[in-house]
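What follows is one structure encoded as structure tokens, with my remarks underneath.
It should be emphasised that the depicted structure is a prediction, and the values quoted were computed from it without experimental measurement. Note that the numbering runs from 1 along the sequence shown for the chain.
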Amino acid sequence: MAHFITFLLVLSLSLTFSLLPETASAQLRQNYYAKTCPNVESIVRNAVTQKFRQTFVTVPATIRLFFHDCFVQGCDASVIIQSTGSNKAEKDHPDNLSLAGDGFDTVIKAKQAVDAVPSCRNKVSCADILAMATRDVIALSGGPSYAVELGRLDELSSTAASVNGKLPHPDFNLNQLNSMFAAHGLTQTDMIALSAAHTVGFSHCSKFSNRIYNFSRQSAVDPTLNRAYATQLQQMCPKNVDPRIAINMDPNTPRAFDNVYYKNLQQGKGLFTSDQVLFTDKRSKPVVNAWAANSNTFNSAFITAITKLGRVGVKTGRNGNIRRNCDAFN
């Protein structure tokens, strides 16, 4: 009798698991388009390279677009959708207004190049094109190249309201960063690795002006900021600076995707509080020191982290489709 009850328990458990929806990320695979559009990766790479030759901004703009896409409802190209009279889309949320147009343009140009091949037309999602383009700009700027998992569909909705509280802010501390990344299955190590995208980024002065002018009652300048660097920032960002002015986030190698980001943190040259805290907090400091000393260990950790990021909230089956135009629903 006991054996029979055990059998029933196992049976009911296996039935329960078989009824659970298969995790969408499990459907991603590296050779997803092998039969439908076998040359898709080289088509996208060529289009991205062309755009990269026109402007370096292609690099940080595309990486940031991917991150902002994945952290809101998953990696589904919902951030690219244009607003209409009846719908305010993700890209028009205040946290997304600083996304550079070159990132959107990179994806749209790559999509046009893919669809120009008759056998590939309407076969490749904008979400996958953004994932491939992100890999390509990282490699073009000297970062590690990696195999991209593919098979995402494009999201069927995009609302500005869905962005609320979903993106990290420049003043976040380690706990805030960790909890936001953990919500997407990303560890502290993943978060520290992905933060290195700031090695090629740029920022408007308003995002860090509190660190150089009115940090606290005790100190106008953030004491964790390198003194010489703080003076330099004050010169580049005077109090009444044009809000359109942007400065490099990596003062040393702003056009190279590299581990100098971590060496800067060791010297108090992290531009945002959320950058510098990775070195000042003793929980994350050892990783910063390790990656500052060894670019290979950083590169492999970054590949792991961005691959995990690419699995977040993937749409499959009836939950998505392949958009004809990346910035509009079909």
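- How far CD1 of Ile322 is from CG of Asn330: 9.5 Å, rounded to the nearest 0.5 Å.
- Within the 4.5 Å cutoff, the side chain of Val124 has no heavy atoms near those of the Leu150 side chain.
- A donor-acceptor pair is defined here as one N or O able to donate and one able to accept, closer than 3.5 Å; no such pair exists between the side chain of Glu155 and the backbone of Gly320.
- One hydrophobic cluster, built from ILVMFWY side chains closer than 4.5 Å, cannot hold both Leu130 and Phe329; they sit in different ones.
- Linking Ile, Leu, Val, Met, Phe, Trp and Tyr whenever their side-chain heavy atoms come within less than 4.5 Å leaves Leu225 and Leu265 in two separate clusters.
- Considering every non-hydrogen atom in both Ala77 and Asp69, the closest pair reads N-OD2, 2.8 Å.
- Residues that satisfy the ring pair (Phe, Tyr, Trp, His ring centres under 6.0 Å) test with Phe272, not counting sequence neighbours, are His198.
- With rounding to the nearest 0.5 Å, the separation of OG in Ser203 from CD1 in Ile245 is 12.0 Å.
- The main-chain N or O of Tyr229 is found under 3.5 Å from a side-chain atom of Asn226 such that the two form a donor-acceptor pair.
- The distance from atom CZ of Phe104 to atom CG of Asp327, rounded to the nearest 0.5 Å, is 9.5 Å.
- Within the 3.5 Å criterion, the main-chain N or O of Pro286 finds no donor-acceptor partner in the side chain of Asn289.
- Aromatic rings from Phe302 and Phe257 are positioned such that their centres are separated by under 6.0 Å.
- For the pair Arg64 and Ser98, the tightest heavy-atom approach, listed with the atom from each and the gap, is NH2-OG, 2.9 Å.
- Under the 3.5 Å distance criterion, the side-chain polar atoms of Asp115 are matched with a main-chain donor or acceptor of Asn122.
- Between the side chains of Asp250 and Thr253, at least one donor N or O lies within less than 3.5 Å of an accepting N or O.
- Considering all non-hydrogen atoms of both residues, Ala47 and Ala110 come closest at CB-CA, 3.7 Å.
- For the atom pair Thr58 OG1 and Asp105 CG, the distance stands at 8.0 Å (nearest 0.5 Å).
- The main-chain N or O of Cys126 is found under 3.5 Å from a side-chain atom of Asp154 such that the two form a donor-acceptor pair.
- The shortest distance between side-chain heavy atoms of Val59 and Phe52 falls below 4.5 Å.
- Note: Phe71 CZ to Leu167 CG = 8.0 Å, rounded to the nearest 0.5 Å.
- Thr49 and Asn46 share no side-chain donor-acceptor pair at under 3.5 Å.
- Counting heavy atoms of neighbouring residues, nucleotides and ligands inside a 6.0 Å radius, atom CZ of Arg121 exceeds 12 of them.
- Thr297 places no side-chain N or O within donor-acceptor distance of the main-chain N or O of Trp291, the cut-off being under 3.5 Å.
- Phe298 and Ile306 fall within a single hydrophobic cluster, where Ile, Leu, Val, Met, Phe, Trp and Tyr are joined by side-chain heavy atoms under 4.5 Å apart, directly or via other members.
- When side chains are defined from C-beta on, Phe215 counts as touching Pro223, because their heavy atoms get closer than 4.5 Å.
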* **Derivation and outcome, side chain to side chain contact (heavy atoms under 4.5 Å, CB included), residues Val48 and Leu140** => CA-CA 9 Å; Val48 172; Leu140 283 165; 4.0 Å; yes
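- The minimum heavy-atom distance between His204 and Pro243, with the atom names listed, is CD2-O, 3.3 Å.
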Pairs under 3.5 angstrom only: tabulate donor-acceptor contacts from the side chains of residues 177-186 to other protein residues two or more places apart or in another chain.
residue : atom : partner : partner atom : Å
Asn178  : ND2  : Gln188  : OE1          : 2.8
Ser179  : OG   : Asn175  : O            : 3.3
Ser179  : OG   : Gln176  : O            : 3.3

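- Contact detail for Tyr146 and Ile138: the closest heavy-atom pair is OH-CD1, 3.8 Å.
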* To do: Might you work through the side chain to side chain donor-acceptor pair (under 3.5 Å) test for Thr199 and Asp258, ending with a clear yes or no?
  => CA-CA 7 Å; Thr199 183; Asp258 55 23; 3.0 Å; yes
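- Taking the side chain as every heavy atom from C-beta outward, Leu271 and Lys207 never approach each other to under 4.5 Å.
- Nearest heavy-atom pair across Ala34 and Pro38 is O-CB, 3.4 Å.
- The backbone N or O of Gly310 lies less than 3.5 Å from a partner atom in the side chain of Arg152, making a donor-acceptor pair.
- Both Val79 and Met132 belong to a common hydrophobic cluster when Ile, Leu, Val, Met, Phe, Trp and Tyr are linked at side-chain heavy-atom distances under 4.5 angstrom.
- Side-chain contact between Lys263 and Asn252 is absent, with no heavy-atom pair separated by less than 4.5 Å.
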* Report the C-alpha separation of Phe202 and Val57 in whole Å, then their side-chain angles, then the decisive distance to 0.1 Å, and conclude whether the side chain to side chain contact (heavy atoms under 4.5 Å, CB included) test is met. => CA-CA 9 Å; Phe202 55 87; Val57 177; 3.8 Å; yes
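- Between the side chain of Thr273 and the main chain of Asp171, no donor-acceptor pair closer than 3.5 Å is present.
- Side-chain contact, Arg211 with Thr224: a donor N or O sits under 3.5 Å from an acceptor N or O.
- Here His169 pairs with Phe172 under the ring pair (Phe, Tyr, Trp, His ring centres under 6.0 Å) rule; sequence neighbours left out.
- One distance of note links NE2 of His93 with NE2 of His68; it measures 11.0 Å at 0.5 Å rounding.
- Partner Glu149 forms a salt bridge (Lys or Arg N to Asp or Glu O under 4.0 Å) with one of Arg311, Arg135, Arg29 and no other, that one being Arg311.
- Taken together through direct or relayed side-chain contacts under 4.5 Å among Ile, Leu, Val, Met, Phe, Trp and Tyr, Phe67 and Ile81 form parts of separate hydrophobic clusters.
- Thr307 has its side chain out of reach of Thr304: every pair of non-hydrogen atoms, C-beta onward, lies at least 4.5 Å apart.
- Looking only at side-chain heavy atoms (C-beta outward), Gln235 and Thr231 come within less than 4.5 Å of each other.
- Side-chain contact check for Tyr262 versus Ile192: some heavy-atom pair is nearer than 4.5 Å.
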* To do: Dump the intermediate steps for side chain to side chain contact (heavy atoms under 4.5 Å, CB included) on Leu278 and Met191, then the final yes or no.
  => CA-CA 10 Å; Leu278 303 180; Met191 180 273 291; 3.8 Å; yes
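- A donor-acceptor contact shorter than 3.5 Å is absent between the side chain of Arg283 and the backbone of Leu174.
- A donor-acceptor contact closer than 3.5 angstrom links the side chains of Tyr33 and Asp128.
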* Kindly determine whether Leu97 and Asp92 satisfy side chain to side chain contact (heavy atoms under 4.5 Å, CB included), including the steps that lead there. => CA-CA 6 Å; Leu97 292 176; Asp92 288 319; 4.1 Å; yes
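- Of the possible donor and acceptor atoms, none in the side chain of Asn87 sits under 3.5 Å from a partner among the backbone N and O of Thr159.
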